[in-house]
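Accompanying notes for the structure given below.
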Amino acid sequence: MTTTAPVREPAWDLPRAAIRLWTAEGAISTTLLWVGIGTFLLLVPASAGGPFPVLRWALPVAGLLHAAVVVGVRPRLKHRVYRWEITAETAYTRTGWLTQTWTLVPISRIQTVDVTRGVLQQMFGLATVAVLTASSQGTVRIWHLEHGTAQRVADDLARRAELVRDQAT
Amino acid sequence: MTPARRTSPRIVLVHTVTFRQARQLVPVLIPALAGFGFGGGTTTIVALAVGITLLSLAGAGLSWWRFSYADGPGAVVVTRGLLARAVRTVPNDRIRGVEIETPVLHRALGLVRVRIDAAAGAAGEDEEVVVDGVPRAEGDRLRSAVLTHRGAPVPAAEDDVPPAEEELFRWDNRWLLYAPLVGSYLALPAAGVGALSRLVEDLPGHPLEDLLDLDLPPGWVLVAGAVAGTLLLLVAGSVIGAALVNWGFHLVRRGGSLVAVRGLLTRRHTELEIDRIRGVSVSEGVGMRLVGAGRATALVTGLADAERRGQLLPLGPRGQAWELAHRLVEDPGPLTGHPPAARRRRVVRAVVPGALLVVGGVALGLRLGHWELLVAGLVVAGLGVLLGRSLYGALGHTAGPGR
């Protein structure tokens, strides 16, 4: 990582299963994209004029590129970027792959803690922890933790938030 | 952690009848139906009705089966979701208030809906915890369980009032007569009347004449009748609307909480912590001032739907509204008027439109010889001075003794 990060990076990384989940998501979106491309190639005749002759080879090339990025590159890149940490006072995450976002939420401001398990996440034994504050911007999501870890983190955060009397937010 | 509890299975019936889950399918169903066409006769319609009801039953059953809640010593945990599972944990300390709603169908089956306001502000997420369909006693137990996190136990609420309570305010049905003078109660019937009149206009021919087959009375009688009818509709609509919302309103202080109960068809039982009340606002609209009415609302930070839940006195004599406000928040004493600069600002701002008209009127008069606009401008400017002075007269401020 760059040395000019605004704060030190969060200490903990995500489980390897997250890479598999992101790869699966990439594979699904690739499949959908190729269904679209296939339909296009089947329905648009080769003799059509305008931009279509160019599109007939440009679309598959773009599709291949997309597949390579979302299946081959993005999951690993994301795994390197996505990090999280729960310190004594804050819940802290870094997310994104091209645009990276650091989010800190003071534990004293936590209003609600959600644990969500999507269908795909359940197949990989993962869960997302969302920490909600009273601010409309202040939601921190810790993506793709192992389910047991997520449950522990949520319980811990809720218990600690309960101990700090909140200040009139 | 206490064991997870379930809502009552009877709620499946309520949700089936009200199509609570099936409603979400409407945007999908309509195009699908349009695709198949409404060809067949009664059989299709009956099959359709049965199908949708079964669908609704299945949806209600599944969401009941997948929903559970638990109120632990430190937090409320709600688990839901058919395929994607979501577990929401709200620390007890973060709960702003609890509302118990009893719509008609719920009441018939002895159920209540508990809304726990968690005041999470994330846009696009349902911000509160809703436990829909628990028996009445369990609702009261849940409410007192989540609100007892700060010591003093809350006695279970029954309709016979326990002595520990202090009644702050009780609604008087005569105050329903104030409703036609309050903008917010008029809005809905006014919209209804508007829609009705457009409907009558859109009907081909002269529906009234054709329908009643009578010779229409002369124009002015007709106009007067229409005006009187509209007024009657507006008055009746606003009174009925106010009655539906406010029937049997009463406000009690119970330990550290304010409890408001209201509603004719849907009973609402709202509980607020007095510690969270940061202030009180009393408002008197133009119509309300004519008859000396007012309304009082508590200012509570981070309360979702604060407009409704914070209401202390929805409609009533202004004296009562002020008395109530001063019981909750110390009376800061008489207000100090604002400095003369405030009057200048008010008057200047109120005169500007009239002044513009005057300028335009002078130009018009010099060029075309029409002086009507100038006269109108002078009148508007004169009224502006009065308006500015009255706006200034309403200003006032004071800093209370502080806490």
Side-chain angles (χ1 to χ4, degrees), chain A residues 21 25 86 91 103 105-169, chain B residues 1-2 4 66 68-97 115-130 146 148-151 273-279 299-304 306 403:
Chain A
L21 173 64
E25 280 177 0
I86 309 291
T103 319
V105 166
I107 295 207
S108 62
R109 296 292 187 201
I110 293 176
Q111 289 288 353
T112 301
V113 184
D114 283 0
V115 178
T116 337
R117 310 183 66 195
V119 176
L120 214 54
Q121 281 183 317
Q122 287 176 41
M123 287 158 68
F124 291 92
L126 299 174
T128 298
V129 177
V131 178
L132 281 74
T133 67
S135 145
S136 57
Q137 298 293 316
T139 301
V140 152
R141 275 177 215 284
I142 310 171
W143 292 95
H144 306 327
L145 295 181
E146 274 145 2
H147 183 231
T149 318
Q151 205 69 60
R152 264 203 318 284
V153 167
D155 287 347
D156 176 56
L157 284 177
R159 193 178 46 75
R160 277 158 62 187
E162 161 75 10
L163 294 179
V164 195
R165 176 79 176 155
D166 71 326
Q167 296 102 21
T169 38
Chain B
M1 193 107 266
T2 47
R66 298 294 268 171
S68 71
Y69 67 97
D71 53 303
V76 178
V77 181
V78 168
T79 311
R80 66 194 154 84
L82 195 58
L83 293 174
R85 302 287 281 157
V87 181
R88 169 160 288 189
T89 311
V90 185
N92 279 345
D93 185 61
R94 299 299 192 269
I95 291 169
R96 297 294 199 249
R115 291 179 185 273
I116 299 172
D117 192 350
E125 305 202 31
D126 44 342
E127 296 164 6
E128 46 186 18
V129 172
V130 180
V146 298
T148 39
H149 53 277
R150 287 165 63 230
E273 273 182 273
I274 290 179
D275 277 5
R276 302 246 185 231
I277 295 177
R278 300 280 177 260
L299 307 177
V300 184
T301 46
L303 183 70
R403 292 221 264 184

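Small disclaimer: the values here were computed from a predicted structure and weren't measured. A, B, ... follow the sequence lines: proteins, then strands. Residue 1 opens every chain.
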Out of B:Val78, B:Leu83, B:Thr79, which one racks up the most heavy-atom pairs below 4.5 Å with chain A?
-> B:Leu83
Atom of A:Ala161, atom of B:Pro91 and distance for their closest heavy-atom approach | CB-CG, 3.9 Å
Would you please name every residue forming a side-chain hydrogen bond (donor to acceptor under 3.5 Å, both in side chains) with A:Thr128, sequence neighbours left out?
-> A:Gln121
Closest heavy-atom contact between A:Ile110 and B:Arg94?
-> O-NE, 2.6 Å
For A:Val115, which of B:Val77, B:Val87, B:Thr89 qualifies under side chain to side chain contact (heavy atoms under 4.5 Å, CB included)?
-> B:Val87
Among all residues two or more places apart in sequence or in another chain, which pass the salt bridge (charged side-chain N to carboxylate O under 4.0 Å, His left out) test with A:Arg159?
-> A:Asp156
Where do B:Asp93 and A:Glu162 come nearest, in terms of heavy atoms and distance?
-> N-OE1, 2.8 Å
